[in-house]
Enquirer: 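Sharing a structure with you now.
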Amino acid sequence: ADFSGDEGGVVLELQISPDANILDLRDAEDFETWKPFSKLIYRPDIHEILTSKGIDGLWDDSFDGVVIYNPDVIRVKGTV
């Protein structure tokens, strides 16, 4: 889709699978799980590395949101 037009853009409503392994970096145990991978964050294949280790995404207060590395755990519900 072309999001550069005068219409502004599209907001997608997504649903994350309840079975997704989303690490909450506010949680000490989840943060310890994440720590060995944190130095790899700039690698273009970080999504492959994390999903191969069973990590589907991260919740991080530094940007007040979630990052999904495994697109198989989300589905588009519609547009808003």
Side-chain angles (χ1 to χ4, degrees):
D2 181 5
F3 300 115
S4 63
D6 291 332
E7 295 89 39
V10 175
V11 176
L12 300 175
E13 182 180 1
L14 305 175
Q15 182 174 25
I16 300 173
S17 168
D19 298 325
N21 183 22
I22 308 296
L23 297 181
D24 183 344
L25 299 186
R26 299 169 296 182
D27 177 84
E29 187 176 329
D30 281 358
F31 185 77
E32 287 301 314
T33 300
W34 162 246
K35 213 154 87 170
F37 301 105
S38 64
K39 63 183 176 283
L40 307 176
I41 195 67
Y42 297 106
R43 287 185 50 161
D45 61 344
I46 186 70
H47 64 288
E48 294 169 353
I49 295 167
L50 293 176
T51 55
S52 75
K53 301 297 183 185
I55 300 170
D56 297 313
L58 303 173
W59 170 268
D60 189 357
D61 270 350
S62 71
F63 55 85
D64 197 28
V66 67
V67 174
I68 300 296
Y69 292 106
N70 180 2
D72 293 337
V73 300
I74 59 173
R75 74 174 182 86
V76 177
K77 289 182 70 174
T79 58
V80 179

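Remember, predicted model here, so these are calculated numbers, not experimental data.
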Enquirer: Got a donor-acceptor contact below 3.5 angstrom from the Asp27 side chain to the Asp30 backbone?
Expert: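 Confirmed, Asp27 side chain pairs with Asp30 backbone.
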
Enquirer: Taking a hydrophobic cluster as the set of Ile, Leu, Val, Met, Phe, Trp and Tyr residues connected by side-chain heavy atoms closer than 4.5 Å, whether directly or through intermediates, do Ile46 and Phe31 fall within one such cluster?
Expert: yes

Enquirer: Give a yes or no on whether Tyr69 and Ile16 share a hydrophobic cluster (residues Ile, Leu, Val, Met, Phe, Trp, Tyr; joining criterion: side-chain heavy atoms under 4.5 Å apart).
Expert: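 No; tracing contacts between hydrophobic side chains, which count when under 4.5 Å, never links both residues.
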
Enquirer: Distance-only, no hydrogens or angles: does the Asn21 side chain make a donor-acceptor pair with backbone N or O of Gly54 under 3.5 Å?
Expert: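 At least one qualifying donor-acceptor pair exists.
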
Enquirer: Which distance, rounded to the nearest 0.5 Å, do you find between the CZ of Phe37 and the CD1 of Ile49?
Expert: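 It comes to 8.5 Å.
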
Enquirer: Applying the 4.5 Å side-chain criterion to the ILVMFWY set and letting contacts propagate, would Trp34 and Phe63 be lumped into a single cluster?
Expert: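 Yes, same cluster.
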
Enquirer: In Å, rounded to the nearest 0.5 Å, how long is the span from OG1 of Thr51 to CG of Asp72?
Expert: 8.5 Å

Enquirer: Look up atom CG in Asp19 and atom CG in Asp56, then write down how far apart they are to the nearest 0.5 Å.
Expert: 9.5 Å

Enquirer: Using the rule that Ile, Leu, Val, Met, Phe, Trp and Tyr join whenever any side-chain heavy atoms are under 4.5 Å apart, tell me whether Ile22 and Ile41 fall into a single cluster.
Expert: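 Different clusters.
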
Enquirer: Counting only heavy atoms from other residues, nucleotides and ligands, does the tally under 6.0 Å from CD of Glu13 exceed 12?
Expert: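 More than 12 within 6.0 Å, yes.
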
Enquirer: How long is the straight-line distance from CD1 of Ile68 back to CH2 of Trp59, given to the nearest 0.5 Å?
Expert: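 Trp59 CH2 to Ile68 CD1: 10.5 Å, rounded to 0.5 Å.
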
Enquirer: Nearest heavy-atom pair of Arg26 and Asp61: which atoms, and what distance?
Expert: CD-OD2, 3.0 Å

Enquirer: Do you reckon Val66 sits in the same ILVMFWY cluster as Leu23, going by side-chain contacts under 4.5 Å, direct or chained?
Expert: no

Enquirer: How many angstroms lie between NZ in Lys53 and CD1 in Ile55, if you round to the nearest 0.5 Å?
Expert: 9.0 Å

Enquirer: How close do Pro36 and Lys39 get, heavy atom to heavy atom, and via which atoms?
Expert: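 In this case the closest contact between Pro36 and Lys39 is O-NZ, 3.0 Å.
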
